[in-house]
Amino acid sequence: MRTETRVGPTAAVAAAFLVTMIGTTLPTPLYPLYAERFGFGGFVVTVVFATYAVGVAAALVLFGGLSDRIGRRPVLAAGLAFALLSSLVFLVPAEWALFVGRFLSGLSAGIFTGTATAAILDLAPGDVKPRAGLVAAAVNILGLGLGPVVAGALAEYALRPLDLSYLVHAAAVVVVAALLWWVPETVTSRGFRIEPLRVGGVPAEVRGTFVRAAIGGFAGFAVLGLFTAVSPSLLGQELGVTNHLAVGLVVFSMLGSSAVGQVLSARVSERIALPVGCAVLAVGAVLIGAAVGAGVLWLLVTGAVVAGAGQGMSFRAGLGAVGAAAPADVRGTVVATFFVVLYVAISMPVVGVGAAAQAVGLVQAGVVFAGLVALLAAVAAVLTLRAARRV
């Protein structure tokens, strides 16, 4: 197994990771255009997102540990193939293409998140693995944040608003796929065999770290799910913001702040970053709920920035700790299991808000879910603080 540090291969994996995650959020500012084209409402958008979540979960559960057995490179290549196919399907002018495209996008994200994170950690020596975990976490969140900005800008100021984003993304996928040829394999193949992730599959020596990280990560991704579910519709229906780039930038305000929070907290230990991040997250969720109820744009952005910073702190600390603690031969499996928890968290508010909005309205549903997520984050802060004191 090769373990030496190599900046070029790490950058190649990070670039592929970034491009893949950009593709998963490209449709976010485009949903109003799809609704206009196909004549559907907010509930259909919820179902489309749920389709994406199903794809992510399926990929993580079925293929989360595959790279530990056949190697990182072939699994990364498969994730890029699904990302490319997803963008090509989105070019089909039919409503069914939204569901198929989002499912394929979910498969690409589910395959890529755990495998790319494990690959970046593999390429780093033991003393800098936490820093490598920061790189993986920041690239993941930054990609999610850049997707709405790229799609919003192209939709607002370029031709073919429902096509150009996917054409650009498809070209970028081809480029980063070529870069993977220069990435050394870090895993010795043990033969192809699909073994679904299972409850209790995390090694005993990692479980304490895993549980603390999962608590904070769940709360943080629940806030991300809430914000991405509410903000595009709220901006258009309640605040009159119809500029697609502006919608993308509002979504980016949280995800960009998350990336900044990860970087700024890089020198803070997991024991501090997890509870503090969760506490900041709770404050941000309260501000988002207040903004949704009052219909105030600046308060919404402020809440997003605060919540994003807290989410970034807790996510960076959790992912870095889990990745560094996991034995190399099961690192892909452990990291994929961690992401299963996160993607369950990010999908629940989206589906819940969409269903509740049909019954009580978007604003009321958003306020209630913001309160629930704030409570969850506060509980996570207390639990992670208690766990840290016992370490």
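Being a predicted model, the structure only gives us computed values, none of them experimental.
- Shown here for A219 and V373, the closest heavy-atom pair between the two residues is O-CG1, 4.4 Å.
- The nearest pair of heavy atoms linking V251 to P148 is CG1-CG, 3.8 Å.
- Side-chain contact check for L255 versus L142: every heavy-atom pair is 4.5 Å or farther apart.
- Using a 3.5 Å distance cut-off with no hydrogens or angles, the side chains of T115 and R72 do not pair a donor with an acceptor.
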(message) Is there a side-chain contact (heavy atoms from CB on, under 4.5 Å) between Y34 and V48? Walk through the geometry before answering.
(response) CA-CA 11 Å; Y34 286 122; V48 170; over 6 Å; no
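- The distance between the ring centers of F315 and F221 falls below 6.0 angstrom.
- Rounded to the nearest 0.5 angstrom, L297 CG and L239 CG are separated by 6.0 Å.
- Linking Ile, Leu, Val, Met, Phe, Trp and Tyr residues whenever their side-chain heavy atoms come within less than 4.5 Å places Y343 and F99 in a single cluster.
- Taking CG from L26 and CG from L164, the interatomic distance works out to 10.5 Å, rounded to the nearest 0.5 Å.
- In this structure, A273 and R316 approach most closely via the heavy-atom pair CB-NH2, 3.5 Å.
- Two residues are said to be in side-chain contact when any heavy atoms from C-beta on lie closer than 4.5 Å; S87 and V173 fail this criterion.
- Side chains of P27 and F49 form no contact here, defined as non-hydrogen atoms less than 4.5 Å apart.
- The structure places OG of S105 at 11.5 Å from CZ of F82, a figure rounded to the nearest 0.5 Å.
- Across all their heavy atoms, V223 and A285 have their closest contact at CG2-CB, 4.4 Å.
- Side-chain N or O atoms of S253 include one that pairs as donor or acceptor with a backbone N or O of V250 at under 3.5 Å.
- With T113 contributing its side chain and A109 its backbone, the two residues share a donor-acceptor pair below 3.5 Å.
- Within 6.0 Å of the CZ atom in R37, the count of heavy atoms belonging to other residues, nucleotides or ligands exceeds 12.
- Linking Ile, Leu, Val, Met, Phe, Trp and Tyr whenever their side-chain heavy atoms come within less than 4.5 Å leaves V280 and V382 in two separate clusters.
- L274 and V268 fall into different hydrophobic clusters, defined by Ile, Leu, Val, Met, Phe, Trp and Tyr side-chain heavy atoms under 4.5 Å apart, directly or through other members.
- In this structure, the side chains of T242 and P32 stay at 4.5 Å or more apart for every pair of heavy atoms.
- Between L245 and E156, the shortest heavy-atom contact is N-CB, 4.2 Å.
- No donor-acceptor distance shorter than 3.5 angstrom exists from the side chain of Q311 to the backbone of S258, with no hydrogens or angles considered.
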(request) Take N140 and F112, measure what side-chain contact (heavy atoms from CB on, under 4.5 Å) needs, and give me the verdict at the end. (result) CA-CA 10 Å; N140 187 351; F112 226 86; over 6 Å; no
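- Nearest heavy-atom pair across V149 and G248 is CG2-O, 3.7 Å.
- To the nearest 0.5 Å, the span separating CG on L162 from CG on L33 amounts to 5.0 Å.
- The aromatic rings of F38 and F40 sit parallel to each other, their planes meeting at less than 30°, with 60° as the upper class boundary.
- Summarising the geometry, atom OH belonging to Y166 is positioned 12.0 Å from atom CG belonging to L88; distances are rounded to the nearest 0.5 Å.
- Proximity of a side-chain donor or acceptor of S108 to a complementary backbone N or O of G79 within less than 3.5 Å is not detected.
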(request) Just do the side-chain contact (heavy atoms from CB on, under 4.5 Å) check on V353 and L362 with the steps written out, would you? (result) CA-CA 7 Å; V353 169; L362 176 64; 4.2 Å; yes
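- Two residues are said to be in side-chain contact when any heavy atoms from C-beta on lie closer than 4.5 Å; V260 and L264 meet this criterion.
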(request) Under the side-chain contact (heavy atoms from CB on, under 4.5 Å) rule, what do V176 and F17 come out as? Steps first, then yes or no, please. (result) CA-CA 9 Å; V176 295; F17 200 0; over 6 Å; no
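- Hydrophobic cluster membership differs between W298 and V286, with clusters built from Ile, Leu, Val, Met, Phe, Trp and Tyr side chains linked at under 4.5 angstrom.
- The shortest side-chain heavy-atom distance between V206 and V334 falls under the 4.5 Å cut-off.
- Between the CD1 atom of I288 and the CE atom of M254 there is a distance of 3.5 Å, given to the nearest 0.5 Å.
- Applying the side-chain contact (heavy atoms from CB on, under 4.5 Å) test between I22 and each of T25, T20, L18, T24 identifies L18 as the sole match.
- Side-chain atoms of L76 and S67, non-hydrogen and from C-beta on, never get closer than 4.5 Å to each other.
- Under the 4.5 Å side-chain contact rule for hydrophobic residues, V276 and V263 do not share a cluster.
- When side chains are defined from C-beta on, V247 does not count as touching Y31, because their heavy atoms never get closer than 4.5 Å.
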